[in-house]
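Step one of this worksheet: look at the structure below.
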Amino acid sequence: MKINTFFAVPAVVLASQFVNAQSANQKLNPIVENFVNETNNHSQLEDMAFELLDAIGPRLVGTPEMQKSNEWTANKLKSWGIDATLQQFGTWKGWQRGTTHVDMVYPRVKSLSATQLAWSPSTKKAVEAEVIVLPKVSSKAEFDQWLPSAKGKIVLMAQYQKIGRSDEQIKEFATPELYEKLKAEKEQASKDFRDYVKNIGYDNNTLPEALEKAGAAGIAISNWTGIMGANRIFGAKTSKIPMIDIDVEDYGMLYRMAEKGNKPKIKVEAQSKILPDAKTFNTVGMIKGSEKPNEYVILSAHLDSWDGAQGATDNGTGVLTMLETMRILKKYYPNPKRTIVVGLWGSEEQGLNGSRGFVADNPEIIKGTQAVFNQDNGTGRVVNIAGQGFLKSYDYIGKWLNAVPKNVRDHIKTDFPGMPGGGGSDHASFVAAGVPGFSLGSLNWGYFGYTWHTTKDTYDKIVFDEVKNNVILTATLAYMASEDPEFTSRERRTMPENDKGEVAKWPEVKEPRRDSKDYK
């Protein structure tokens with residue numbers, strides 16, 4: 001997530017005012033003090049993380065595991081005395097991952113580190129075929145002439161990585177001259193591959209389709225993050241043949257062998273199940289307001305994930321934060337002034353579909369929403385909150401932050417009024433509708449490079465002390481937003497001009513994708 005720094009200097013000044021106004025021995029509101037004590041001494045985060053991430057696992061839309069996670073979250077809320085329902089917003093193609101076994105069988109035997117992509121067709125029986133690379137051609141006509149050569153072969157479709165070391169490691173150990181040389185070579189190789197794909201007239205969606213139509217036996221890629229051991233797993237672009245991702249080390253070996261004429265063969269067994277279309281749900285829980293039940297404070301996180309690993313930091317940590325916050329609010333603030341809602345959204349990864357569906361399907365809630373707090377970028381403590389383009393957002397966010405424990409608040413940089421989020425996470429669905437929706441931006445902890453959508457996004461990457469920090473913050477903000485005697489202003493900032501003199505536009509409300517038809 002990118003933090004917009006427009007008008008950032010006044011924001012820093014304002015932030016320092018309420019931080020410096022606090023004494024070293026801050027006296028907390030008694031309810032906030034209860035939040036802190038409960039979070040630190042009676043946390044249920046680790047047990048819930050086990051149940052969600054280890055026991056249920058990844059939560060790809062359309063899978064039985066996604067359905068299980070909806071039911072688990074609803075039942076967890078109900079066990080604390082919180083009303084919870086599953087709100088359907090659409091359907092999605094049903095699929096369930098099975099085992100993946102990939103072995104090189106010629107010219108020698110070696111088990112390979114690989115996994116099938118989401119929604120990849122099953123092999124039914126093992127596919128054994130020669131591995132080939134894309135041809136060295138410079139036009140679509142030449143490529144199309146080559147296409148019949150792919151019949152019966154497994155095609156390596158991704159860019160070859162000459163060096164499988166991270167940039168950070170190269171920079172640490174190489175001489176400055178060598179580092180610059182290797183960096184330039186890597187950048188040129190990436191440019192050359194992008195130009196190649198453009199010149200042959202295809203893209204990441206249409207190239208697999210063309211290879212499948214030409215009779216390829218399978219497609220292999222390596223969506224390497226640039227960090228050793230971590231590959232990103234997204235969806236397959238084929239309908240009949242398997243599409244797999246191979247770790248950079250094994251992919252590079254196969255690529256070199258194929259390019260040098262060794263004609264390597266691999267055996268692919270990718271088991272999966274095509275299931276009937278599945279209903280897609282949001283889990284929605286509510287603690288009814290005692291004075292203003294038709295005004296709402298919404299705690300937001302997406303429940304779904306990609307399924308290369310467990311979806312621990314994307315977005316298991318956000319879900320855990322919001323669940324633990326609701327548990328603590330119910331225990332120590334059971335009669336909120338406004339209704340407190342938790343929304344655990346489905347199909348965020350395919351375009352914010354769950355939250356967009358909620359916005360479209362619940363106009364009365366949207367009309368009465370005081371604020372939305374969304375967390376979706378990893379395990380780190382929250383360090384950024386921006387005003388999302390709401391002109392007077394500092395007036396209330398600043399006031400609410402005053403009640404947050406100083407050791408939590410001091411890490412946070414603010415940017416008011418900021419710019420409206422355009423679609424990076426679910427708060428953007430609310431912002432587009434004119435609702436004050438705020439992203440609780442976390443410290444990186446290697447999120448985008450190492451865990452975001454990768455094979456390494458697992459339970460052990462969670463730093464629970466950091467998540468506890470975020471529970472205290474979120475509970476306090478929810479409490480303060482609920483208690484605030486004023487309804488938040490929705491007045492929007494004057495949007496700035498870009499370098500071309502064009503005035504930026506407020507994001508438009510978008511309809512959710514309610515089924516997987518035509519999804520690529």
Side-chain angles (χ1 to χ4, degrees), residues 29-32 34-35 38 70 73-89 281-301 303 319 321-345 354-375 388 390 392-393 395-397 399-400 403-404 426-427 429-438 440 471 473-491 509:
N29 178 297
I31 291 179
V32 174
N34 285 335
F35 295 163
E38 180 71 16
N70 280 125
T73 50
N75 289 334
K76 188 63 70 175
L77 290 164
K78 290 175 184 177
S79 74
W80 302 324
I82 298 171
D83 291 336
T85 59
L86 301 185
Q87 292 188 5
Q88 185 181 353
F89 61 89
F281 297 101
N282 295 318
T283 303
V284 179
M286 292 190 184
I287 305 174
K288 197 71 172 177
S290 58
E291 295 182 28
K292 299 183 177 183
N294 295 324
E295 293 183 15
Y296 304 87
V297 176
I298 300 178
L299 308 183
S300 167
L303 180 57
V319 172
T321 295
M322 299 310 166
L323 285 176
E324 181 78 336
T325 297
M326 288 295 283
R327 181 184 74 82
I328 292 171
L329 287 170
K330 179 64 177 177
K331 185 172 183 178
Y332 293 104
Y333 184 53
N335 298 300
K337 180 178 291 186
R338 293 178 172 88
T339 297
I340 298 178
V341 177
V342 62
L344 305 177
W345 318 118
S355 56
R356 285 175 176 168
F358 182 85
V359 169
D361 299 341
N362 297 274
E364 289 305 310
I365 292 178
I366 298 307
K367 180 181 177 181
T369 296
Q370 169 86 328
V372 180
F373 301 108
N374 182 68
Q375 207 272 326
Q388 297 299 322
F390 293 97
K392 298 180 180 179
S393 52
D395 293 348
Y396 43 92
I397 291 289
K399 178 168 57 176
W400 301 342
V404 174
D426 292 295
H427 64 284
S429 300
F430 297 90
V431 171
V435 176
F438 304 103
L440 306 180
V471 170
L473 171 67
T474 307
T476 306
L477 290 175
Y479 165 67
M480 293 296 293
S482 173
E483 287 291 303
D484 198 320
E486 302 295 327
F487 190 71
T488 52
S489 168
R490 299 188 177 195
E491 185 178 355
V509 174

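Every heavy atom of this structure was used, including side-chain atoms; hydrogens, water molecules and symmetry mates were not.
- Remark: Phe358 engages Trp345 in a ring-ring contact (aromatic ring centres under 6.0 Å, His included) (not counting sequence neighbours).
- Nearest heavy atom pair, residue Gln375 against residue Ala301, reads O-CB, 3.9 Å.
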inquiry  = Run the side-chain contact (heavy atoms from CB on, under 4.5 Å) test on Val342 and Ile82 for me, step by step, so that the C-alpha distance in whole Å, both residues' side-chain angles and the decisive distance to 0.1 Å come before the verdict.
reply    = CA-CA 10 Å; Val342 62; Ile82 298 171; 5.7 Å; no
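- Proximity of Ile340 to Tyr479: side-chain heavy atoms (C-beta onward) are nowhere separated by under 4.5 Å.
- Checked by atom type and distance alone, the side chain of Ser300 never pairs as donor or acceptor with a backbone atom of Gly343 at under 3.5 Å.
- In this structure, Asn29 contributes its side chain and Ile31 its backbone to a donor-acceptor pair below 3.5 Å.
- In this structure, Leu440 and Thr321 have side chains that are not in contact, with every pair of non-hydrogen atoms separated by 4.5 Å or more.
- Between Phe35 and Leu329 there is a side-chain heavy-atom pair separated by less than 4.5 Å.
- In this structure, the separation between CD on Glu483 and CD on Glu291 is 7.0 Å, given to the nearest 0.5 Å.
- The main-chain N or O of Glu491 is found under 3.5 Å from a side-chain atom of Ser489 such that the two form a donor-acceptor pair.
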query = Given the rule in the side-chain contact (heavy atoms from CB on, under 4.5 Å) test, do Asn362 and Val284 qualify, once you have shown the distances and angles that lead to the verdict?
reply = CA-CA 12 Å; Asn362 297 274; Val284 179; over 6 Å; no
key: Derivation of the side-chain contact (heavy atoms from CB on, under 4.5 Å) call for Asp484 and Arg338   = CA-CA 9 Å; Asp484 198 320; Arg338 293 178 172 88; 4.2 Å; yes
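- No side-chain heavy atom of Met322 sits less than 4.5 Å from a side-chain heavy atom of Leu303.
- Closest approach of Pro334 to Ile287, counting heavy atoms only: O-CG2, 3.7 Å.
- For the pair Phe373 and Val297, the minimum side-chain heavy-atom distance is below 4.5 Å.
- The minimum heavy-atom distance linking Met480 with Ala403 is given by the pair SD-CB, 3.5 Å.
- Judged purely by atom type and a 3.5 angstrom limit, Asn282 uses its side chain to pair as donor or acceptor with the backbone of Gly354.
- Among all heavy-atom pairs drawn from Val359 and Ala433, the shortest one is CG1-CB, 3.9 Å.
- Taking Tyr396 as the reference, Trp400 meet the ring-ring contact (aromatic ring centres under 6.0 Å, His included) condition, with sequence neighbours excluded.
- To the nearest 0.5 angstrom, Lys76 atom NZ is 13.0 Å from Leu344 atom CG.
- Taking Asn70 as the reference, Thr283 meet the side-chain hydrogen bond (donor to acceptor under 3.5 Å, both in side chains) condition, with sequence neighbours excluded.
- Partners of Ser482 under the side-chain hydrogen bond (donor to acceptor under 3.5 Å, both in side chains) rule, at least two apart in sequence or in another chain, are Tyr333.
- Put simply, the side chain of Thr369 does not reach to within 4.5 Å of the side chain of Phe430, judged on heavy atoms.
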task = For side-chain contact (heavy atoms from CB on, under 4.5 Å), just list the numbers for Glu486 and Asp395, CA-CA rounded to whole Å, side-chain angles, deciding distance to a tenth of an Å, and then say yes or no.
result = CA-CA 11 Å; Glu486 302 295 327; Asp395 293 348; over 6 Å; no
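- The side-chain hydrogen bond (donor to acceptor under 3.5 Å, both in side chains) search around Lys288 returns none, not counting sequence neighbours.
- The shortest side-chain heavy-atom distance between Glu38 and Arg327 falls under the 4.5 Å cut-off.
- Not a single donor-acceptor pair under 3.5 Å links the side chain of Lys292 to the backbone N or O of Lys337.
- The minimum heavy-atom distance linking Ser290 with Asn335 is given by the pair OG-O, 3.3 Å.
- Taking 4.5 Å as the limit, some side-chain heavy atom of Leu77 sits within range of a side-chain heavy atom of Met326.
- Under the rule for a ring-ring contact (aromatic ring centres under 6.0 Å, His included), Phe438 has no partner lying at least two apart in sequence or in another chain.
- Without hydrogens or angle criteria, Thr339 side chain to Pro293 main chain gives a donor-acceptor distance under 3.5 Å.
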